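What's counted below: heavy atoms across the whole structure, side chains too, no hydrogens, waters or symmetry copies. Computed from a predicted model, the values in this text were never measured in an experiment.
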Amino acid sequence: MTYTGDVQVGGPADVRELPALTICKLAVGPYDNNAYLLRSTETGEGLLIDAAADSDRLLALIADKPVGAIVTTHQHGDHWQALEQVAKVTGAQVVAHPLDAPALPLPADRTVEHGDTIEFGGITLEVIHLRGHTPGSIALLYDGGKAGHHLFTGDSLFPGGVGNTWKDPERFAQLYNDVVERVFNRLPDETWVYPGHGKDTTLGVERPSLPDWKARGW
């Protein structure tokens, strides 16, 4: 596998080819956001996770191929600066959790809850609600069978810890518990984690640090 997940703003996308799914990771904007373009190998239909910034670069990545949905992982503005323009050009459905959807620059065409699925081109993504970074933060899980589990976590899980909860002990406890119960307790170590900023990781790399995260409170 040549995919590393190491991308830089202004640099090329990193592309991962799975048997049924192609994942393109692109770094965009002043906050070094990651945008992920997923495309079905079978049908060519695409889905974009976080139209964060740089609409021109995202549209160039999409090219003239179909994108049926744009999923916004949470309400923070650095994750949707390009949403309006990309949705307008592509005609894609805007998808978000109902608790965060009102903060988006345009109405959501579909809202999704914990356990819902999003389907495109024969691909199924499971919605995992991870409360704490924002009320409606979600992760998206692709179970590729022999190709492994692939988890797009927004700003709820990074290499080295959970997302920012601004030193609020209740919010941290909620996010930590959701990440442990809904992610680490049910998914294998080989699960690949694609975060909203920075480098990728796996659950196996992060799992030994869970007690340290809990003890430090961030």
Open item on the list: Would you say L61 ends up clustered with V9 if hydrophobic residues are merged whenever their side chains have heavy atoms under 4.5 Å apart, either directly or through other cluster members?
Closed with: no
Open item on the list: Side chains of E206 and T201 only: does a donor on one sit below 3.5 Å from an acceptor on the other?
Closed with: yes
Task: Salt-bridge present (E190, R207; N to O < 4.0 Å) - done: no
- [ ] Count the heavy atoms of every other residue, nucleotide or ligand shown that sit under 6.0 Å from OH of Y31, and state whether that count exceeds 12.
- [x] no
Open item on the list: Tell me which one of I138, I123, L140 satisfies side chain to side chain contact (heavy atoms under 4.5 Å, CB included) with I118.
Closed with: L140
Task: Shared hydrophobic cluster for L130 and F184 (ILVMFWY, side-chain gaps under 4.5 Å) - done: yes
- [ ] Could you tell me which non-hydrogen atom of Q75 sits nearest to which non-hydrogen atom of A103, and how far apart they are?
- [x] CB-CB, 3.6 Å
Task: Check: H97 ring centroid to H114 ring centroid under 6.0 Å - done: no
Open item on the list: Surrounding CH2 of W218 (heavy atoms of other residues, nucleotides or ligands, distance under 6.0 Å), is the total greater than 12?
Closed with: no
Task: Given D14, D50, D200, the one that forms salt bridge (Lys or Arg N to Asp or Glu O under 4.0 Å) with K25 - done: D200
Task: Residue pair S156 / T153, side-chain donor-acceptor N/O under 3.5 Å - done: no
Open item on the list: With clusters defined by side-chain heavy atoms of hydrophobic residues (ILVMFWY) lying less than 4.5 Å apart, directly or transitively, does L26 cluster with I23?
Closed with: no
TODO: Kindly give the heavy-atom pair with the smallest separation between I70 and A92, and that separation in Å.
DONE: CG1-CB, 3.7 Å
Open item on the list: Is there a path of hydrophobic side-chain contacts, each under 4.5 Å between heavy atoms of I/L/V/M/F/W/Y residues, joining I128 to F152?
Closed with: no
Open item on the list: Restricting to non-hydrogen atoms, name the atom on P19 and the atom on A147 that form the minimum distance, rounded to 0.1 Å.
Closed with: CD-CB, 3.8 Å
TODO: Would you confirm whether the ring centroid of W166 sits within less than 6.0 angstrom of the ring centroid of H133?
DONE: yes
Open item on the list: Closer than 3.5 angstrom, by distance alone: can the side chain of D54 be matched with the main-chain N or O of R57 as a donor-acceptor pair?
Closed with: no
- [ ] Could you check R186 against E126 for salt bridge (Lys or Arg N to Asp or Glu O under 4.0 Å), going step by step and ending with a plain yes or no?
- [x] CA-CA 13 Å; R186 59 166 292 215; E126 178 190 341; 2.9 Å; yes
